[in-house]
Amino acid sequence: MNSLRLHNTFGGTKDVFEPLEPGLVRMYTCGPTVWNFAHVGNLRAFLFYDLIRRHLRVAGFRVTHVMNLTDIDDRILDQAMHAGTTIEEYIEPYARAFFEDMATLRAQPAEHYPRATEHIPEMVDMISTLIKNENAYIADGDVYFRIASFPAYGALSHLDRAGLKAGARVATDKYEKESVSDFALWKKSQPEDEEIGASWEAPFGRGRPGWHIECSAMSKRYLGETLDIHAGGVDLLFPHHENEIAQSEAANQKPFVRVWLHSEHLFDATGEKMSKSAGGFTTLRDLIGAGHDPLAIRFFLIANAHYRSRLRLSDDALHAAAEQVRRLREFNERVIRTAPAVSDDAGLAQRTAEVRIAYREALDDDLNLPQGVGLVFDHIREANAALDAGRVGPSNKASLLELIDDLDAHLDVIRVEEPGLAEEVERLIAEREEARRARDFDRADRIRDDLRSRGIALEDSRDGVRWRRISPGPVIEAGRS
RNA sequence: GGCGACGUAGCCAAGUGGUAAGGCAGAGGUCUGCAAAACCUCCAUCCCCAGUUCGAUUCUGGGCGUCGCCUCCA
């Protein structure tokens, strides 16, 4: 029985989710504009997509997930121009970096990563249709969407044109628009555009696509005219998603999206929204360079706060996340290596079963991973106590491992393969054991301290010495790019 | 100016009309050669005021505060 409920931005209610085609979810998510490295705020949104995707699969759906790469826009044009490269040459390192970052953060790959410049014909087709239907018009070589032709405009964002800030708003496009709110579908080629490979032929004149049309055209190409889920950061709500609706519904005469999902912003330590254009922003590379563990960063971004809550990036929060990841991994390893007691603890079995159900319910309730994680941590304390007391039987052990599986299906930070044991670490541990047996504790402690300073912590236990990786030294505030 | 969100312990954060999950940090303890890990104990009445209610942190209204969108932006 599917009981997944999602908060639909359109309408603002939490509804049981059912895809159009039973069992298959068609999902489109707004990906990066590859004009620069993604910052952690961008990555929060991308990991949110990953969370949706993972939980849809937990809930039993097959998922076709499309995430676009915007490889043409004004910023890319500017940068390529300055760099003296084509736009294709300019974006490539950033596109590569995007995929690297996603892999570092263990995001599951989408089924398709279409690039705007590889789908110009689809966009041209759609624009032609819009012109034919009089939803768009040509003005001095540019093509604009005629918002007046689409009465439902504003329904998603609840911004009606009358309420738009009067006077202070400067139209950034050209002047021949019928209305200031009309947005560009196609921009006439400038001479420089040709040199950097940013110009295409079209029936309505040589030029390049506006930003919004790519998502309408590419989602249709890969997922059809009606999507089950369309997700993005809240900053895309207006105008981007509003414009997508207008374009797609005007062109296709079909409902565009059934459920809109928007993730909240990430804020920096000063409380300012992280934004590329605002200047200061932190990249994944910055955080890793400052000594933060990618798994902790992943945990922080998806589990520290609900996706519709604002999240503030701070060293403390990252450290807390790292500790939580550490505890989870520690617990997992402990359960795995524990030889089961002869009999099971009925109370523990009962509680584990309850927590597994409650965890699933939390995720089914609009992807409330923070709550789910809290439930599991609560139970881990009880389970650890049972382990201390040797009360964990074979069935207990198996269900605890299943609980970890449940959690890691979303988190994916627990059962992550560590790089193989460094032989040197093992050798030093053996050396230290020898020293300890000889009661040469000075030498033993020296070895332990030495390893610690190199990011390896040792723990003595009844079952022998264990080691694990830790963040080397105190981490510093990430630099700005 | 329009639209909207938020304000829960030192920090992060979940949540419900019936007296508040979890994590980090901190204090004490058990265990340990010492540690670490783990466990135990301690650590909030939910911005303010008024109202509805048997009862509100959770509903309504007002206030104060913070922030987002309205322009490129995940």
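Chain identifiers are assigned alphabetically (A, B, ...) following the order of the sequence lines, protein sequences preceding nucleic acid strands; residue numbering begins at 1 within each chain.
For A/Tyr144 and A/Phe183, the ring centers sit 6.0 Å or farther from each other. Note: A/Phe10 and A/His241 fail the aromatic proximity criterion, with ring centroids not under 6.0 Å apart.
Looking at heavy-atom distances under 4.0 Å, A/Gly41 makes contact with a base. Among the heavy atoms of the strands, none lies under 4.0 Å from A/Gly372. In this structure, A/Ala317 reaches neither bases nor backbone, as no heavy-atom distance under 4.0 Å exists between it and the strands shown. Within the 4.0 angstrom heavy-atom criterion, base atoms lie near A/Arg436.
Considering only side-chain N and O atoms, A/Asn384 lies nowhere under 4.0 angstrom from the phosphate OP1 or OP2 of B/A38. Within the 4.0 Å cut-off from OP1 or OP2 of B/A36, not a single side-chain nitrogen or oxygen of A/Trp467 is found. OP1 or OP2 of B/U32 has not a single side-chain nitrogen or oxygen of A/Ser461 nearer than 4.0 Å. A/Arg327 has no side-chain polar atom (N or O) that falls below the 4.0 Å cut-off from OP1 or OP2 of B/A37. A close approach under 4.0 Å does not occur between any side-chain nitrogen or oxygen of A/Arg329 and OP1 or OP2 of B/A37.
For B/U52 and B/A44, the C1' atoms lie 26 Å apart once the distance is rounded to whole Å. Of the C1' atoms belonging to B/U58 and B/U8, the separation is 11 Å, rounded to the nearest Å. Separating the C1' atom of B/C42 from that of B/U32 is a span of 23 Å, rounded to the nearest Å. Here the separation of B/A27 from B/A35, taken at their P atoms, is 14 Å to the nearest Å. B/A25 sits 10 Å from B/A38 when the P atoms are compared, rounded to a whole Å.
With A/Asp193 as reference, A/Arg208 is the one residue of A/Lys188, A/Lys187, A/Arg208 to meet the salt bridge (charged side-chain N to carboxylate O under 4.0 Å, His left out) rule. The one candidate from A/Tyr222, A/Phe99, A/Phe46, A/Tyr28 that meets the ring-ring contact (aromatic ring centres under 6.0 Å, His included) condition with A/Tyr113 is A/Phe99.
Once the 5.5 Å centre distance and the 30° plane angle are applied, the aromatic ring of A/Phe48 is found not to be stacked with the base of B/A74.
If you check B/U60 for Watson-Crick or wobble pairing at under 3.5 angstrom, you find it paired to B/A50.
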